[in-house]
Structures are given as structure tokens and as C-alpha cells.
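Below is one structure, written out as C-alpha cells; comments come after it.
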Protein chains: 2
Amino acid sequence: MRWNEIESDVCSVARTLSVVGDRWTLLILRDCFLGSRRFDEFQKNIGLSRHRLTDRLNKLVEHELLLKKPYQDNPPRSEYVLTAKGKDIHPVLVTLTGWGNKWMQDGDGVPLLYHHKKCEHITQPQLSCDHCGDSIDASNMYVTPGPGILKKLQRGVSPSYVPKRLLKLFKDTLNLDAQK
Amino acid sequence: MRWNEIESDVCSVARTLSVVGDRWTLLILRDCFLGSRRFDEFQKNIGLSRHRLTDRLNKLVEHELLLKKPYQDNPPRSEYVLTAKGKDIHPVLVTLTGWGNKWMQDGDGVPLLYHHKKCEHITQPQLSCDHCGDSIDASNMYVTPGPGILKKLQRGVSPSYVPKRLLKLFKDTLNLDAQK
DNA sequence: ATAGTAGGTTCCATTTTAGAACTTGTAAAG
DNA sequence: CTTTACAAGTTCTAAAATGGAACCTACTAT
């Protein structure tokens with residue numbers, strides 16, 4: 001399966017990875033959040049080849065996570081700034097950092113510390129339910145089919161990644177709905 | 001720069017990506033959280049080549065995100081189950097899903113819905129400060145150097161990815177500390 | 001006149017990947 | 001018994017992605 005096929009998978013994880021799921025893209029975005037904006041800055045910080053960087057920046061601009069913004073005309077030079085869509089990647093970087101801080105330390109401790117402006121404490125943000133506010137993790141969550149899957153099932157398409165066990169459950173859901 | 005060099009970068013994002021930052025690994029873990037455990041199950045759900053899958057599963061076992069657990073002897077067959085380290089990837093998948101749900105929809109709506117067992121509501125978990133509990137995002141957070149970076153600076157090593165602007169700030173921090 | 005900066009592009013060798021075929025040992029179906 | 005299926009791989013080759021170095025262009029500073 002190729003990148004562009006992943007993009008059309010009926011799965012938000014797969015779709016997101018089709019944009020940011022390579023070796024470099026999230027590192028570029030990390031740098032954006034730390035204040036980098038220019039080609040050479042990214043190249044020096046990250047250490048990828050100029051070729052790859054051109055490619056990845058173009059992709060991020062295409063997908064509208066970054067905006068290419070001219071800052072001089074002659075010679076033409078641009079900087080890359082985060083759009084709203086790009087800024088929304090922040091939680092992904094925060095959770096990746098959290099995992100790395102916990103599980104990938106060398107002997108020297110955490111590389112960077114997050115601080116919460118409001119309470120002025122060091123923080124490693126955690127997920128909480130956006131309805132009741134309680135903290136939430138894999139053990140107190142479950143999934144059900146959303147409209148995106150149900151509509152495909154109604155059209156006879158079975159999203160490849162959904163385990164048979166769940167598919168059956170989802171089809172039962174459909175039948176129950178139909179009987180109403 | 002190669003994968004194994006990324007692993008030793010002084011950055012928790014880079015280190016995490018050295019384990020899960022390719023096209024397939026997070027999709028394998030997604031499937032684990034949805035209940036998949038066996039080779040063929042992953043292969044069918046995800047649609048990657050058997051060759052790649054072997055490789056990725058081995059890497060996940062090496063890094064101890066998955067445990068390879070024999071379930072019969074003749075012929076030898078195993079299943080792959082999440083370890084604590086693997087389960088801790090869940091927040092990453094949740095935030096990736098959140099972004100995909102918001103920014104990568106086709107016309108049919110969200111593929112899967114998350115539910116919170118306790119309050120029984122549909123939820124898209126959000127990050128909150130683990131000290132004060134308030135919701136938190138890029139605009140109300142900032143970073144400072146942690147021991148992992150400071151110790152490297154003291155040894156004269158400059159972590160490549162830290163923008164010069166921040167490096168200077170960090171070195172000032174060191175000088176202030178030294179003057180105490 | 002030379003070196004440096006910024007943001008690329010071009011080229012080629014190396015590495016990684018996709019996809020299909022093959023393997024091994026068992027069990028079930030005809 | 002012979003074929004088919006299943007599970008979990010391994011092997012092979014062509015195609016795609018990548019790394020790294022060199023080159024290009026239009027300024028600016030020394």
C-alpha cells in the first residue's frame with residue numbers, strides 16, 4: 001500500500017499519518033513551535049537533506065499546515081508559519097514528548113520542560129474527557145462506529161482496518177437502526 | 001541523518017519517532033488497541049506487505065511495546081500483546097485521531113467515536129495541565145531547558161535541534177545557576 | 001575580488017519498500 | 001489419500017524514497 005492509498009483509509013489515525021507520518025514532518029513542526037521559520041534554520045536544526053526539506057515543506061504547505069509567506073522580494077525569500085491547522089498538531093507533539101520523556105530517557109533526564117503559563121507549574125499535560133473533565137485513558141474509553149464507517153458499510157464497503165469482530169458489532173448496530 | 005542517529009537526539013519527540021515514526025508502526029498499535037493480536041490479522045487490516053510487518057513487529061518487540069507470546073507449539077505460533085510501554089502510546093493515537101477527525105474528514109463524518117465509560121458520553125479527549133487540571137494548549141504553555149539539555153550544554157554539546165535563540169537563553173540559565 | 005547568506009535544484013549511489021512467490025507444519029474437506 | 005486452507009514467516013526482484021554532495025542565483029558585507 002502506498003502513501004496516497006493510506007490517505008483515503010476510513011481511519012483518522014491513518015489519514016493523519018498520511019500527512020505527518022514520516023520521519024521528518026513532525027520534527028519540522030516541532031521546530032515551528034519552538035520558533036523556527038526559515039529553510040536553513042530547519043535544515044540546521046533537524047539535519048535532514050535540503051532535498052527532503054524542500055519536499056516536506058511543500059507538502060506541509062499543500063496540506064495547509066504551514067503558510068509560505070514572502071518576507072523579501074529580491075532575491076525572493078519566504079518563511080513558513082503555522083496555520084490554525086498546523087497549530088492543532090500541538091497536542092500530538094505534547095503526547096509524543098510525554099511518551100519520550102517517560103520511556104526514552106538517557107541518563108541525563110528530560111530534555112525540555114513544559115510549563116503552564118496560568119499556574120506557573122511544570123506540567124506534562126494529560127488527556128481528559130471533554131464532557132466531564134475527568135482524566136481519561138485507554139482503560140476507561142471504548143469506541144463505537146461513527147457515521148464515517150456506518151455510511152460506508154451501508155454502501156457495502158468494509159473499511160479494511162476494522163477487525164472482523166468489530167465489523168460484526170457495527171453491522172449489528174446498523175440492523176438495529178434499520179429495525180427502528 | 002539516519003534513523004539510529006535520530007534515536008540519540010536530545011529531544012523526546014525525535015526519540016519517540018525513532019520508535020513509532022514510520023508509515024506503519026502507529027497503525028499496528030492502533031490495531032492492537034482495537035483488539036488485534038495476530039500476524040495475519042494485522043496484515044489484512046493494515047494492508048502492508050508481510051515482509052514489512054515482520055520487520056515492524058520485531059522492532060516493536062525489541063523496543064518492548066509489544067510482547068511476543070506463544071499460543072501454540074506445533075507449528076510454533078505467537079500473538080503480540082501490548083506491554084505497559086505500548087499501552088502508554090494510547091494518548092498519541094487519541095490526539096492523532098482528534099486531528100484527523102477535525103481536519104481530514106471526507107463527506108461521511110467521523111469514522112470512529114470515542115466514549116468515556118464513566119460519564120457515558122461521546123468524547124474527544126483534550127489535554128489539561130497535570131498540576132492544576134485546567135485545559136492547556138500551545139498558547140498557554142512554554143518550554144524551558146530540562147536537565148537533559150543542561151547537562152549536555154555543560155559538557156559542551158549543543159543539541160542540534162534547539163534554535164540558537166533558545167540555546168542562548170539556556171546558556172544564560174546555566175550562567176545564572178553557576179553564579180548562585 | 002572574495003566570502004558569506006538564503007533558499008533552493010540537480011544528480012547519483014544507497015537504502016527502503018511493495019508485492020508476489022515460496023516454505024513449513026498442521027488440520028479439515030472431499 | 002489428495003487437495004485446500006491457515007498461520008506465520010522468508011526470499012526475491014523491481015520500484016520508490018532517501019542522503020549527501022555539488023551546483024545555482026541574487027544579494028550583502030569585507
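All heavy atoms count here, side chains included; hydrogens, waters and symmetry mates do not.
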- Query: Would one find a side-chain N or O of A/N74 under 4.0 angstrom from OP1 or OP2 of D/dC27?
  - Reply: yes
Phosphate-side-chain proximity, B/R56 and C/dT17, N/O vs OP1/OP2 below 4.0 Å = yes
Between CG of B/D22 and C1' of C/dT15 the distance, given in whole Å, is 15 Å
Heavy-atom nearest nucleotide on DNA chain D taken for A/W3 and for B/R77; more 5' hit belongs to B/R77
5'-most contact on DNA chain D (nearest-nucleotide basis), B/K68 vs A/R52, goes to B/K68
Q) Do the side-chain N or O atoms of B/R38 get closer than 4.0 angstrom to the phosphate oxygens (OP1, OP2) of D/dC6? A) no
Which of D/dG19, D/dA7, D/dC12 is nearest the side chain of B/H51? It is D/dC12
Rounded to whole Å, the CZ-C1' distance (B/R37 to D/dA7) equals 16 Å
Short side-chain N/O contact from B/W24 to OP1 or OP2 of C/dA18, under 4.0 Å: yes
Here the distance between atom P of D/dT18 and atom CD of B/E5, to the nearest Å, is 16 Å
Review point. Is the closest side-chain heavy-atom distance between A/R50 and A/D40 below 4.5 Å?
Key: yes
Exercise. Between the side chains of A/T95 and B/T95, does any donor sit under 3.5 Å from an acceptor?
Worked result: yes
Taken in chain and number order and not counting sequence neighbours, the residues that satisfy salt bridge (Lys or Arg N to Asp or Glu O under 4.0 Å) with A/E79 are A/R37, A/R38
Interatomic distance, CG@B/D9 vs CG@A/L27, rounded to 0.5 Å, equals 7.5 Å
note: A/R23, atom CZ; C/dT17, atom C1'; distance rounded to Å ~ 12 Å
Of D/dG20, C/dG7, D/dA8, the nucleotide closest to the side chain of B/D40 is D/dA8
Atom CD1 of B/I46 and atom P of C/dG19 are separated, to the nearest Å, by 14 Å
Out of D/dG20, D/dA7, D/dT10, minimum distance to the side chain of B/T54 belongs to D/dT10
task = Verify, without hydrogens or angle tests, whether B/Q43 (side chain) and B/L48 (backbone) share a donor-acceptor contact under 3.5 angstrom.
result = yes
Atom CZ of A/R50 and atom P of C/dT9 are separated, to the nearest Å, by 10 Å
Separation of C/dA6 atom P from A/L57 atom CG, nearest Å, is 15 Å
Discussion item. Does a side-chain N or O of B/Y80 approach OP1 or OP2 of D/dA7 to a distance below 4.0 Å, or not?
Written reply: no
A/R2 atom CZ is separated from D/dA14 atom P, nearest whole Å, by 15 Å
Item to complete: Tell me whether the OP1 or OP2 atom of D/dA8 has a side-chain N or O from B/Y71 closer than 4.0 Å.
Response: yes
